Novice: 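Let me give you the structure first, and then I'll get to my questions.
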Amino acid sequence: MRVAKIVMLPVVCMLIFASGCVYDELASEVVVTEKVVVQFKEHRVSPDINSAVVCDRFRQRLLGILDDHGATLDDIVSITMVSGQYKVAKPAKDKSIDWTVAGDVTVARQDDPSGPVTEGPETFVNFTTQPLQPAKSTPIYADLNSAGVTVINNALEDLRNGGDPRLVLNMGSDNITPAPSPSNPLDFSWLAMVTFQVVIDMDKTE
Amino acid sequence: MASAALLRRIGCAALFLFLASPVSAQLEDQLSSYTGRNASGYLEPLVDAFAADLNAGLYHSAHISRGGLQASIEILFMSVFFTDEDRTFTATTEGGFQPPQQTYAPTVVGAKKAVYVDGVAGTKFAFPGGFDLNSFSFAVPQLRVGSLYGTEALIRFGLYYTGNADVETPMLYGFGLRHSVSQYIRQHVSDRFPVRLAVGAFWQRFSMGENERGDDLLVADALSVGLHMSKRFTRLEPYAGVSYETFSTEVSYLGESPDDEINLTLESEDHVRLTLGLSYNIAFVVAHGEYNIGGQNAFALGLALQHRPSE
């Protein structure tokens, strides 16, 4: 009997300690970092640029994230923008010319493509002088403007509430050097990237 | 239902509880928002605790017969309690967040809530929460076999059921040898030096999880070399030891994109361990408990069913 008690003692201790470690309770707030990329294709024969692209993949990305984590919109604690980057994807063919572009990127909210703009346009990124050659290898972090970030954060918040935001980004420049012309056009494409984080409460997904 | 609950509880006691589903899957989620130094800081308390636990319970006596069959089947339960210092680390914002900032963020054992810092123009950066653990515990079976010229072998092996087909089975295996030093000490000397001495070396490997490339999410190697001593008083046998240890963990996971593979090597900076323990021997049963003092203090409880040659 005494031997049995001694044998049982460590076993009981193990069970007591183990019972405090039920792994179902180990969920926490997960942070998922996601990037949405849009591409601008430019063919310029004059010193100005005014081109727009639509970014409407936020909802698709978010649903993918939630699906990966077995979560729903109700499990989201927050969605916020972290940073913006840009990068030249396809540089101008004539590499002997060191093109530089000055201008800005605006962002506007237009959820219905045939409907009105409901927010913005607001300046998202200013760039005073951006040489194109250095921007082709690694992404450059953009100097963000709070008015544009607010438009994006509002869109992300609506996304959290079940919306399907559609953003229109517009690149505007009236200062390209050297000045493109029909005989010396500037052809290039570039990527604009918006990084955002989704915080998911995994406790709620249990 | 009752048997299922009992099985679960016993399984919880006997297995790597912490590492079971869905935690190993979640761990990769948490890590995916970190690279480099942040990931090291996030994982550090767990790595140190794991090192402290793995190298506990390797012996409970320095008595090793010179020859004859000496065998024991043992079950060990090891645990480390975390301090407040283990719960946060100094994290740095990543991903081009402006301006770069440092803040105290939860480690893997820290608070569950994410921590935020504000950046320029209304941006925010979030650091993931931890699992809010007070301790890190697991149990493992081991087999001790001897003795040949005063040498015994110790084998640890465990496969752990996670209850989730999506989670790769965690596995632990290890092998070590211990050798009696006392057998070389002459009788008249040993009469004046009444403790048994042994030296030992033990290596272990643990792997868990599966990253998105199908490789192990985490592989940990532990090595311990030490001097052990004990003194038997009828049934009680105090024991002690000092060890030099190394512990390294390779973590491999994907970052923000499929091309962003992150490989981390985390090494414990704690290398010296002092062990103080007490065994209670009754017939073929030994119950023992020990406290390990090192970078992370750990305790271990064990139970052994043993056969020893008569001395």
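Every value quoted in this text rests on a predicted model; they were computed, and no experiment measured them.
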Novice: Determine whether more than 12 heavy atoms belonging to other residues, nucleotides or ligands lie under 6.0 Å from atom CG of A:D143.
Specialist: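 Incorrect, the count does not exceed 12.
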Novice: In Å, rounded to the nearest 0.5 Å, how long is the span from CE of A:M81 to CZ of B:F125?
Specialist: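 Reported value, rounded in 0.5 Å steps: 13.5 Å.
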Novice: Give a yes or no answer on whether the side chain of A:S28 reaches the backbone of B:G130 with a donor-acceptor pair at less than 3.5 Å.
Specialist: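 Side chain of A:S28 to backbone of B:G130: a pair is present.
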Novice: Run through A:N153, A:V199, A:T80, A:V82 and flag the one making a side-chain contact (heavy atoms from CB on, under 4.5 Å) with B:K124.
Specialist: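 Exactly one option meets the side-chain contact (heavy atoms from CB on, under 4.5 Å) with B:K124, and it is A:T80.
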Novice: So which heavy atom on B:G95 is nearest to which on A:S83, and how close?
Specialist: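 Nearest pair, atom of B:G95 first, then A:S83: O-OG, 2.9 Å.
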Novice: Just checking B:I73: does its CD1 atom have more than 12 heavy atoms from other residues, nucleotides or ligands closer to it than 6.0 angstrom?
Specialist: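 No, CD1 of B:I73 has 12 or fewer neighbouring heavy atoms, counting only those of other groups under 6.0 Å.
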Novice: Using atom types as modelled and distance alone, determine if a side-chain donor or acceptor of A:E29 lies under 3.5 Å from a backbone N or O of B:A114.
Specialist: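 Indeed, once roles are kept as given, a pair shorter than 3.5 Å links the two residues.
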Novice: Can you find a pair of side-chain heavy atoms, one from A:S78 and one from B:Y116, that are under 4.5 Å apart?
Specialist: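 Result yes, sub-4.5 Å side-chain heavy-atom pair found.
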Novice: Is a side-chain donor or acceptor of A:Q197 paired with a backbone partner of B:A126 at a separation under 3.5 angstrom?
Specialist: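 Yes; at least one donor-acceptor contact below 3.5 Å.
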Novice: Would you give the length of the straight line joining atom OG1 of A:T33 to atom CD of B:E94, rounded to the nearest 0.5 angstrom?
Specialist: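 Going from the OG1 atom of A:T33 to the CD atom of B:E94 covers 8.0 Å.
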